[in-house]
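Shown next, in structure tokens, is the structure this report addresses.
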Amino acid sequence: MTLAALVKQAAFDALKQLYPDTAIEYSSVTVNQTKPEFSGDYTVVLFPFLKLLRQKPDAIGKQLGDHLLGRTELFASYDIVAGFLNLTIKDSYWSTFLLNHYTQTNFGHQCKGDCRVMVEYSSPNTNKPLHFGHMRNIFLGAAVSEILKANGKQVVKANLINDRGIHICKSMIAWEKTANGATPESAGVKGDHLVGDYYVRFNDLYKAEVTEMVAAGKDEKAAEKEAPIMLEAQEMLRKWEAGDKEVRALWEKMNGWVYKGFDDTYRKMGVSFDKMYYESNTYLLGKKIVEDGLRKGVLFRKEDGSVWIDLKEDGLDEKLLLRGDGTSVYITQDLGTAKLKYEDYKLHQSVYVIADEQNYHIQVLKLILSKLGEPCANGIYHLSYGMVELPSGRMKSREGTVVDADDMMAEMIALAQEQTEAAGKTTGFSGDELRKLYETIGLGALKFYLLRVDPKKKMIFDPKESIDLHGYTATFIQYAHARICSILRKEDIPIVPDASRFQSFHQREPLLKLEKEMILHLEQYPGILAEAGAEFNPASLCNYAFRLAQLFNSFYDAHSISKAENQEKKELRLMIAIMAASVMRHSMGLLGIRMPEKM
RNA sequence: GGUCCGGUAGCUCAGUUGGAUAGAGCAUCAGCCUUCUAAGCUGAGGGUCAUUGGUUCGAAUCCAAUCCGGAUCACCA
């Protein structure tokens, strides 16, 4: 139980005992952290009880304050200011808390329970390399997976690869026509980039053909439909579906290049998956679900043989589930994969990390599954995030305006190097250590930048302005962590010391403001972690860790640790520093951001 | 047009089930390195919380209407 909850419970119990004849609801008790301009740690708001108790706020505050002080060991004093009861927690509570937890490396972690959750993220198409928008998806998915694990869930990280369809055929056609057999090795280009280049090439060729046909007097719409290269791509897709050996061989070869490229990118990003799904295996699923639905009468067939569901009652429209020729559409596959995932892992919850442009699609998916009585329907959660846009608008891979993921990571690492060198902080590192440090700083900054914003908000990224390494950044937190490690090195204390080290510690002097603020903030971590899990929001961890680092920097500036006033203070501050570093590592670790010991 | 999401400082964003004088970072300005790492610290300026009305002891937060921006409403995926 968090301290805030403890205070709330204590206040509620006290009110019940003080006013047994009045029905006070638990939810009407509001406990906040006391504003810094007042003395106290947690505040009970008295206004909600005025009418109920027919007393003045000061009177209620006094009775409540006295009662709390007399009956519990938690509070040292109270103060009433204009309807607010400000409670001060006993110093001994804080030092005991610190002593109990400062060496705990998994503070805030929940024990593993029975709840099985799948988080599907990344889910790329195989016709082009990953870009900045994918990075938001991937870092979000990876972070949420770790946060859920820390909250005791059993997590399966899944990636559904869209490895078939017209888009990959476009790359294949362009490659056949213009590549002269080029491979990633022969061209010296990463596989996913090579395939992406031919996807762009296809569009160039296509546009040229359309322009030519229009110039020859063709209607533009007709030209777009009849351009020979487009017809070839469509023919290739038909051949693929028919299992044509040559087409399949080329498809496998080019997808293989892409996977190799993706693997590199994923490794660099520091993310991984427990389960890969491929649309080439799953795109035919779902038909059976549709047949069942027809039998149950939930779905209906039109004269042309196409199958539909009527969602008008739910404020939506009729939705197609099978074409007249019996082939499936996008949502049909998704029905199938939803069920497949559910059955593969006996899931309680299935999280889809998908951009908000698909809100409607997921809504329809859930609705159909629930109308069909599929048990997987209830567990679907759409972690909907806003698109990443350029100042000029959306990124379009066809037009080559994307910010490439590999480039972006390389740039961030280079920026980290540049700034480290400019600050003259390269001494004492080996070449290898420096390379690792630049990666830690560069990728940390990138991940933090993408995760610090509420997922559902869209974000605008200006490639001309590089991502900052000052202020509200991962670098700031890393720096605070490195400072702590530096102190510990000098004091010859390991980063995770033995719990017995300060066992003899006794609190004699009162806590200073910043000392207490640090401990108070540390105590709140489990609550923040639980909230981040409940809301699928890594940004709350960013906020929390930044605030922790900020507090530590002020604390560090105001009070010397190694040259503390006395041994007691020194031990106390060391414990605070040790625990702060540990919580920074834990929280940022969940986001895939490493904390260097030296920088 | 329907549905959904957003609108808070010059910019990027926090802001808990409604609680005290709305907070950070960047940018600007003024200070702080002989003292545990200045990628830092301290301070200043900067606000019609889109608008209007309502609910109430109290609203950035809840409700209604309006305005602006975005997404979506395919026999594409």
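Everything numeric here is computed off the predicted structure, so don't read it as measured data. Proteins come first, then strands; the chains are lettered A, B, ... in the order of their sequence lines, and each starts at number 1.
For B:A38, the OP1/OP2 oxygens have a side-chain nitrogen or oxygen of A:Arg483 closer than 4.0 Å. One finds no side-chain N or O of A:Lys490 lying less than 4.0 angstrom from the OP1 or OP2 phosphate oxygen of B:C36.
Note that A:Arg164 lies in the cation-pi zone of A:Tyr283, set by a 6.0 Å cut-off to the ring centre and a 45° limit from the axis.
When the C1' atom is used for both B:U37 and B:C32, the distance is 16 Å, rounded to whole Å. Between B:C75 and B:U66, the two P atoms lie 31 Å apart (nearest whole Å). Between B:A59 and B:G25, the two P atoms lie 28 Å apart (nearest whole Å). The gap from the C1' atom of B:G15 to that of B:U8 amounts to 9 Å, rounded to the nearest Å. B:A77 and B:A64 have their C1' atoms separated by 39 Å, given to the nearest Å. Spacing of C1' atoms, B:U17 relative to B:C62, comes out at 11 Å, to the nearest Å. When the P atom is compared between B:C73 and B:U28, the two are found 44 Å apart, to the nearest whole Å. B:G7 sits 15 Å from B:A60 when the P atoms are compared, rounded to a whole Å.
Classification of the A:Phe461-A:Phe132 ring pair by plane angle, with boundaries at 30° and 60°, yields parallel.
Here A:Met387 lies out of heavy-atom contact (under 4.0 Å) with every strand. If you check every strand for non-hydrogen atoms under 4.0 Å, A:Phe476 touches sugar and phosphate atoms only. When heavy atoms are screened at a 4.0 angstrom cut-off, A:Lys51 is found touching the sugar-phosphate backbone but no base atom. A:Leu50 comes within contact range of no nucleotide atom at all, as no heavy-atom separation falls under 4.0 Å. Using a 4.0 Å heavy-atom distance criterion, A:Asn543 is classed as a sugar-phosphate-only contact.
More than 90° away from 0 lies the glycosidic angle of B:C41, which makes this nucleotide anti.
Salt-bridge formation is not detected for the pair A:Glu224/A:Lys221: no Lys NZ or Arg NE/NH1/NH2 atom is positioned less than 4.0 Å from an Asp or Glu carboxylate oxygen. With respect to the salt-bridge test (charged N to carboxylate O, under 4.0 angstrom), the residues A:Lys456 and A:Glu535 do not qualify. Between A:Lys513 and A:Glu517, at least one side-chain nitrogen of the basic residue sits less than 4.0 Å from a carboxylate oxygen of the acidic one, meeting the salt-bridge criterion. Note on A:Glu571 versus A:Arg501: no salt bridge recorded, every NZ/NE/NH1/NH2 to OD/OE distance being 4.0 Å or above. Contact check on A:Glu318 versus A:Lys302 returns a salt bridge, with a Lys/Arg side-chain nitrogen under 4.0 Å from an Asp/Glu carboxylate oxygen. Taking the charged nitrogens against the carboxylate oxygens, A:Glu120 and A:Lys341 do have a contact shorter than 4.0 Å, which makes a salt bridge.
Looking at the side chain of A:Asn32, the nearest of the listed nucleotides B:A77, B:U37, B:U17 is B:U17. Side chain of A:Tyr330, nearest nucleotide from B:G19, B:C36, B:A77: B:A77. Considering only side-chain atoms of A:Asn553, the nucleotide from B:C41, B:A77, B:C75 that sits closest is B:C41. Comparing B:C41, B:A71, B:C75 against the side chain of A:Trp308 picks out B:C75 as the nearest. For A:Phe38, taking side-chain heavy atoms from C-beta onward, the closest of the listed nucleotides B:A77, B:A20, B:C41 is B:A20. Candidate nucleotides B:U37, B:C75, B:G25 were compared by shortest atom distance to the side chain of A:Ser486, and B:U37 ranks first. Comparing B:C26, B:A20, B:A38 against the side chain of A:His470 picks out B:C26 as the nearest.
Residue-to-nucleotide contacts include a donor-acceptor pair under 3.5 Å from the side chain of A:Thr420 to the base of B:A39. A:Asp304 contributes a side-chain N or O that forms a donor-acceptor pair with the base of B:C75 under 3.5 Å. One donor-acceptor pair, N or O on each side, does fall under 3.5 Å between the base of B:A20 and the side chain of A:Asn86. The base of B:U37 lies close enough to the side chain of A:Lys425 for a donor and an acceptor atom to sit less than 3.5 Å apart. Applying the 3.5 Å distance criterion, the base of B:A20 shares a donor-acceptor pair with the side chain of A:Thr43.
Of the candidates A:Val388, A:Leu130, A:Val353, A:Asn137 forms a side-chain contact (heavy atoms from CB on, under 4.5 Å) with just one, namely A:Val353.
Put simply, CG on A:Leu469 and CG on A:Leu415 are 4.5 Å apart, with the number rounded to the nearest 0.5 Å.
In this structure, A:Phe84 counts as stacked on the base of B:A20 under the 5.5 Å centre distance and 30° plane angle limits. The stacking criteria are not both satisfied for A:Tyr360 over the base of B:A71, which would need a centre-to-centre distance under 5.5 angstrom and an angle between ring planes under 30 degrees. The ring of A:Tyr479 does not lie on top of the base of B:G40; it is either too far (5.5 Å or more) or too tilted (30° or more).
Rounded to whole angstrom, the span from the CG atom of A:Leu437 across to the P atom of B:A39 amounts to 13 Å. Atom CD1 in A:Ile166 sits roughly 10 Å away from atom C1' in B:C76 (whole-Å rounding).
Environment of CD in A:Glu37: crowded, with over 12 heavy atoms of neighbouring residues, nucleotides or ligands closer than 6.0 Å.
Contacts between residues 563-572 of chain A and RNA chain B, defined by a heavy-atom separation below 4.0 Å, involve A:Lys563, listed by number.
Closest approach of A:Leu285 and A:Leu340 over heavy atoms only: CD1-CD2, 3.7 Å.
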Check: For RNA chain B, what is the dot-bracket line, given that a base pair needs Watson-Crick (N1 to N3, plus N6-O4 or O6-N4) or G-U wobble (N1-O2 and O6-N3) geometry with both distances under 3.5 Å, and | means paired with another strand?
Finding: (((((((..((((.....[...)))).(((((.......))))).....(((((..]....))))))))))))....
Next item on the list: Evaluate the criterion side-chain hydrogen bond (donor to acceptor under 3.5 Å, both in side chains) for residue pair A:Thr34 and A:Thr43; output intermediate values, then yes/no.
Entry: CA-CA 5 Å; A:Thr34 306; A:Thr43 296; 2.7 Å; yes
Next item on the list: May I have the step-by-step check of side-chain contact (heavy atoms from CB on, under 4.5 Å) for A:Met230 and A:Val210, ending in yes or no?
Entry: CA-CA 10 Å; A:Met230 184 61 87; A:Val210 171; over 6 Å; no
Note to self: Base contacts versus sugar-phosphate-only contacts with protein, heavy atoms under 4.0 Å: please encode nucleotides 5-13 of chain B as B, S and - from 5' to 3'.
What the structure shows: SSS----SS
